[in-house]
Amino acid sequence: MQRGIGLIGLAGFVVAAALIGWVCGRLDQRVFDDEAISLAMIEGRGYSALLGFYLGGGDVHPPLPFLWLRLLQDLQIPFWLQRALSLAGAAAGFALVLDMLWSRLPDRLCRALAVVLFLGAPLLYGMGASLRWYPLLVLPVALALWSADRAGRPTLLTAIAFGVAANISFLAAIPALAYGIWRYLIARQFDPRLDGRFIAVTAVIAMPGLLAFAASLPHLPAQAESNILVALGITVLGVAGGYGLGLTDSVFAAPFVFLALAAFVIALATAWRRPVDGLLAISLIIVLLCLTLTATGFAKPRSFLFAVPFLLAAVMLGVSHYGGRRWFAVPMAALSIVATVASLWLLNFGERPFKRNLHIADEEVLAVIRQHAPPGETFVMSSEPSLGWRLRQEGHCVTAASLPGTCEQTALRNLVMIDDGTFVQRPGLMNAFLAMSSRHQQVHRQVFGSDEDGSLKTFLTTRLVPNWLVTVTIYRRD
């Protein structure tokens, strides 16, 4: 039996993914909202202050990703290289799952399809190069399960990797729980000495993350903000389209999603056989647990990046058990390529964005503000955090959504309002703006970007989603 893709295959996969990300502009993408929030949180905070803040429940996330960002900033690593490191780590996790899958596939056709699906996963490029925690989680999760799969039991590396993953995100509980269900309930392989040591080591290393989780429990309900149908739709579109395909653009991915769903159903049917394959069982459990979380209203598909290679593994194992797989694999590969190319193209050039703030033309917006409202004379109020973060770097006094304040609201000559369509949904920001703008006169207003799906999004979500991405309004006091 063929072992796997090997070290050369692993390295080749990572290099290929990094090159695709670079060619498609993912290493030069703008700092978007969640990234700006992370970067703002580490400003002025040392390692001990960050630990104290996140272990004390200051945020819903464990501390490790922020310590990592702090280290990269201290080393003065440029953003493009930070993104390359994120993408390389996520791609390495995908490659490890592909390595586990390789020997389980029956022929070259299935292996070729697996390479196409794994290397072309849209979410790997849509969010894999982010300055956030989700690409960081992929590698330790994959490494933990890869090591256990190779050894046929939980190893010390499995325990360490799961422990590290728990300090990156609480969602590490999903693959850890999936492995526990597989080993202890399905395979019924409990060795008191071996598994006791595995659980103990995992718990000790995961302790900071567990403490942060306990302290952040009051923040968790806010993570479930959508009804079941909306959350499910957002999750499917986000995973399949990789944040490049908007609502209308989803037509490019729909045929592939249909075939992948059929293969997943075949995988589910196959799992009832005995003995059930470990990778198949764990992959199915991970996906089903993610769907269960989505059913609570959790609509953040980028957070499920770690689960995408296991979803693809389940799909491929379903294809491999289908008798007419040649007639299944060839169209699936072709449709996958169509969806991936469309997603990567529209990430940069689409006018029907999935995540609107990925498409804001920063330099155009900043050029207008520089022209009409220089630093030192301007107070900025922004409902879009990344533009607020950029302007703060340039010396402006800024109050922005989700960013900690750094200066008082002073009576400066110029007042700039940056609205991404959510300004009126932020009462604190809106009231402060109304109080200040009463002493100023509007001198300039400009609209940037377009969202051709704005009306459709308004209809589906019942929230007003404008057809523009950002408006900049400048006021001046004589």
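Atom set for the values below is all heavy atoms of this structure, side chains included, hydrogens, waters and symmetry mates excluded.
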Next item on the list: Measure the spacing between OG1 of T296 and CG of L291 and express it to the nearest 0.5 Å.
Entry: 11.5 Å
Notebook entry, point to check: Can you tell me how far the CG atom of L123 sits from the OG1 atom of T340, to the nearest 0.5 Å?
Noted result: 11.0 Å
Check: What are the two closest non-hydrogen atoms of R445 and T473, and how far apart are they?
Finding: CG-OG1, 3.6 Å
Check: Do N227 side-chain atoms and V230 backbone N/O form a donor-acceptor pair below 3.5 Å?
Finding: yes
Margin query: Can you tell me how far apart CD (E384) and CG (D33) are? Round to the nearest 0.5 Å.
Written below: 6.5 Å
Check: From F94 CZ over to L117 CG, what is the distance, rounded to the nearest 0.5 angstrom?
Finding: 11.0 Å
Note to self: If I take atom CG from residue L39 and atom CG from residue D34, how far apart are they, to the nearest 0.5 angstrom?
What the structure shows: 11.0 Å
Margin query: Other residues, nucleotides and ligands only: do more than 12 of their heavy atoms fall within 6.0 Å of CD on E364?
Written below: no
Check: Do you know which of F354, Y134, Y125 makes ring-ring contact (aromatic ring centres under 6.0 Å, His included) with Y243?
Finding: F354
Notebook entry, point to check: Nearest heavy-atom pair of V31 and S386: which atoms, and what distance?
Noted result: O-CB, 2.9 Å
Next item on the list: Kindly assign one of parallel, tilted or perpendicular to the pair H61 and W133, based on the angle between their ring planes and the thresholds 30° and 60°.
Entry: tilted
Margin query: For I168 versus L136, what's the shortest heavy-atom pair and its separation?
Written below: CD1-O, 3.5 Å
Margin query: Which heavy atom of S130 sits nearest to which heavy atom of S86, and what is that distance?
Written below: O-OG, 3.1 Å
Checklist line | S216 OG to Y54 OH distance, which is reported to the nearest 0.5 Å | finding: 11.5 Å
Check: Can the ring centroids of F13 and F118 be said to lie less than 6.0 angstrom from one another?
Finding: no
Next item on the list: Using the side chain to side chain contact (heavy atoms under 4.5 Å, CB included) rule, take L124 and V308 through it: C-alpha gap first, then chi angles, then the decisive distance, then the call.
Entry: CA-CA 8 Å; L124 176 60; V308 170; over 6 Å; no
Next item on the list: With salt bridge (Lys or Arg N to Asp or Glu O under 4.0 Å) as the test, would you mind laying out the steps for R390 and E363 before giving the verdict?
Entry: CA-CA 10 Å; R390 284 286 302 272; E363 296 308 320; 2.9 Å; yes
Note to self: With a 6.0 Å cut-off (strictly less than), is the heavy-atom count around CZ of F258, excluding the residue itself, greater than 12?
What the structure shows: no
Item checked: Residue pair G388 / S382: nearest heavy atoms and the distance that separates them -> N-OG, 4.1 Å
Item checked: Side-chain donor/acceptor of D451 to backbone N/O of P466, under 3.5 Å -> no
Checklist line | Residues, nucleotides or ligands: over 12 heavy atoms within 6.0 Å of W468 CH2 | finding: yes
Next item on the list: Look at the side chain of T235 and the backbone N and O of P301, then say whether any donor-acceptor pair between them is shorter than 3.5 Å.
Entry: no
Notebook entry, point to check: With a distance cut-off below 6.0 Å to the six-membered ring centre and an angular limit of 45° from the axis, does K300 pair with F298 as a cation-pi contact?
Noted result: yes
Item checked: R352 side chain to D249 backbone, donor-acceptor under 3.5 Å -> no
Next item on the list: Answer yes if the ring centres of F433 and F423 are under 6.0 angstrom apart, and no otherwise.
Entry: yes
Check: Taking atom types as modelled, is there a side-chain donor on R26 or Q29 under 3.5 Å from an acceptor on the other?
Finding: yes
Check: Okay, side chain of S250, backbone of L247: is any donor-acceptor separation there less than 3.5 Å?
Finding: yes
Next item on the list: Take E35 and K355, measure what salt bridge (Lys or Arg N to Asp or Glu O under 4.0 Å) needs, and give me the verdict at the end.
Entry: CA-CA 13 Å; E35 294 181 330; K355 189 171 180 61; over 6 Å; no
Check: Picking from R439, Q441, M436, Q442, what satisfies side-chain contact (heavy atoms from CB on, under 4.5 Å) with L415?
Finding: M436
Note to self: So for atom CD1, which belongs to I77, do other residues, nucleotides or ligands contribute more than 12 heavy atoms lying within a distance under 6.0 Å?
What the structure shows: yes
Check: Do you know which of L10, L145, L101 makes side-chain contact (heavy atoms from CB on, under 4.5 Å) with L96?
Finding: L10
Check: When you check the gap from the basic side-chain N to the acidic O, do R356 and D420 get nearer than 4.0 Å?
Finding: no
Notebook entry, point to check: Do H396 and V416 pass the side chain to side chain contact (heavy atoms under 4.5 Å, CB included) test, and can you show the C-alpha distance, the side-chain angles, and the key distance before you say yes or no?
Noted result: CA-CA 10 Å; H396 287 279; V416 176; over 6 Å; no
Next item on the list: Report yes or no: does N167 contribute a side-chain atom to a donor-acceptor pair with the main-chain N or O of P62 at less than 3.5 Å?
Entry: no
Next item on the list: Provide the closest heavy-atom pair for P385 versus A401 in the form atom of the first, atom of the second, distance.
Entry: CB-O, 3.2 Å
Check: Is there a donor-acceptor contact under 3.5 Å from the side chain of R30 to the main chain of N357?
Finding: yes
